[in-house]
2 protein chains.
Amino acid sequence: MLKKERHDFVMRQINLHNRVLNSDLVQLLNVSEDTIRRDLQELAENGQLSKVHGGALSKSYQSSFDDSDVYAKDAKVCIAKKTTSLIKDGMVVLTGGGTSIIELAKQLPENLNATFFTVSPFVAIGLAKYAKVEVILIGGLFSKNSQVTYGGHVINQLSEINADLCLLGTSAIHPQNGLTDTDWEINQLKKAMFNSSKKAGILCISEKLDISLRLKVASLENIDYLITELDPQSPELNAYRVKTLQIL
Amino acid sequence: MLKKERHDFVMRQINLHNRVLNSDLVQLLNVSEDTIRRDLQELAENGQLSKVHGGALSKSYQSSFDDSDVYAKDAKVCIAKKTTSLIKDGMVVLTGGGTSIIELAKQLPENLNATFFTVSPFVAIGLAKYAKVEVILIGGLFSKNSQVTYGGHVINQLSEINADLCLLGTSAIHPQNGLTDTDWEINQLKKAMFNSSKKAGILCISEKLDISLRLKVASLENIDYLITELDPQSPELNAYRVKTLQIL
DNA sequence: CGGGGTCCTGCGTGTTTGTGCATCATTAAT
DNA sequence: ATTAATGATGCACAAACACGCAGGACCCCG
């Protein structure tokens, strides 16, 4: 194996997954850690990646942290991190789209071993970096607004799935009216996702609490977990304390 | 053994395997290391390969994952623009993934009215901006390497599709060996895509011409359009002038 | 025929580069 | 604070390299 080939291999991994662990590279390339470290060092000097303890990261990925929208972003990261505690090894998880879920896809533990079904291309792309996660993208018509697949074909496929946990972002949630939405197709889609899972969790930034829209997706009783960026004890959430609903 | 013969031999090896070790060449050609070194040096100066410590690598192989390659980017835009001329209103188009196709998705005419089936989430996302284009993302297992959906489920769905035009990027194309690839699953996928379309077009940056890989996808006869960034009349393309193949 | 030129090749020398190992320092995780 | 993982440094050895030189093949031309 030529040095240049190793370098190319590393860059391919970086472009694909935004990161490499140097322990992985040792195995994959069959060379000593020293060699890997020197390779990464050299690539870092050429500005092709940025080296960190234990591996290296893509430069672009690094800079993607300086989002101007730090505020909402923080909340979503917080929500995503809380949500990871619901996902255990071996689970089959079904997810929708939306920024909260996409953030979740970035925050999962490194060697999670699970199966994800998703209707969101963005989520699929995000999940691709986990070596032990099997990703199935559910195909169908692609919605220009919601950026997820939807329609009869998707619903058919969902009927064949039996997931352990369904995770959805939400447009609106309300103590009485439950989960609501404005788009009929997306509404149908979310209902089908509920039906295909044993349990359901809603990722919900606090702005969307106490809002009610035209179309009902599910009532609070059908939801098992509500994950917000707020403290689970906070008064804003009092109205949601239902027997079956766990708040975190 | 004449110098020219050695050079040809080396280039054949490079095209076949994307790499040569100079220790191998010493054995195979029965000459001294110095001679090999001088040969490789000469070929490198002619731009036919790129020499590295211990051997040499194919130029195209190099740049295939080097996204700092500005030329390649330009070329892909050029290819994408040429390709748009093949897509007419009302058509049903089936596309693969890869940077060329993703670029194509950005370059379509604004109010194109067509239906696109694709296995690439990136392409679906790119196509979402065209109001009159219906986008269907074909679902299935998501490949971490190729970033497209693949596998039996995808192939089943492809069998139900009858598209007017199939557009694929390519890993390698060769006058005799046709379209080839290295990954078996992707190979199967591409074959299925050919079978689901009346016509097929290959988007191919010139670096990937005259290269042959392990697995055959299709021969030139099965391809209807070859789109490169080169002038259709350029001598590099002479070998591809087959009755059924339109070059643009 | 034979000298002088060029080109190609292989060998010997010394130099540079790449790699792995041992040791010790540093960092992250609990 | 303790422990395990990771990193840095220096060293040794082998592989790859550059360079100069010499012998051989070939050609041109007198």
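If you measure from atom CG of B/L21 to atom P of C/dG18, you get 15 Å, rounded to the nearest angstrom. Between the CD atom of A/E5 and the C1' atom of C/dT19 there is a distance of 16 Å, rounded to whole Å. Rounded to a whole Å, the CD atom of B/E42 is 13 Å from the C1' atom of C/dT9. The distance from atom CZ of B/R37 to atom P of C/dC8 is 17 Å, rounded to the nearest whole Å.
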Let me see the working for A/M193 and A/L168 under side-chain contact (heavy atoms from CB on, under 4.5 Å), right down to the final yes or no. CA-CA 9 Å; A/M193 293 177 75; A/L168 294 178; 3.7 Å; yes
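Salt-bridge check for B/K190 with B/D181: passed, with a basic side-chain N closer than 4.0 Å to an acidic carboxylate O. Contact check on B/D8 versus B/K4 returns a salt bridge, with a Lys/Arg side-chain nitrogen under 4.0 Å from an Asp/Glu carboxylate oxygen. Ionic pairing of B/K3 and B/E42 is present here: one or more N-O contacts between side-chain nitrogen and carboxylate oxygen are shorter than 4.0 angstrom.
Looking at heavy-atom distances under 4.0 Å, B/K4 makes no contact with the nucleic acid at all.
Heavy atoms only, all atoms of each residue included: A/Q233 and A/D231 are closest at N-OD1, 2.6 Å.
On the nucleic acid side, DNA chain D has its first and last nucleotide under 4.0 Å of a heavy atom of chain A at D/dT6 to D/dT9, going 5' to 3'.
No donor-acceptor pair under 3.5 Å is formed between the side chain of B/S146 and the backbone N or O of B/V148. The main-chain N or O of A/K76 is never found under 3.5 Å from a side-chain atom of A/S100 such that the two would form a donor-acceptor pair. Side-chain atoms of A/S197 do not come within 3.5 Å of backbone N or O of A/A200 as any donor-acceptor pair.
Close to C/dG10, at under 4.0 Å from its OP1 or OP2, lies a side-chain N or O of B/T35. For the pair A/R6 and C/dT19, the criterion of a side-chain N or O lying under 4.0 Å from OP1 or OP2 is met.
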Grab the N/O contacts between the protein and nucleotides 11-17 of chain C below 3.5 Å, and write none if there aren't any.
residue, atom, partner, partner atom, Å
C/dC11, N4, B/D34, OD2, 3.2

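Residues forming a salt bridge (Lys or Arg N to Asp or Glu O under 4.0 Å) with B/E33 (at least two apart in sequence, or on another chain): B/R37.
The 5' end of DNA chain D is approached more closely, in terms of each residue's nearest nucleotide, by A/N22 than by the other of A/N22 and B/K51.
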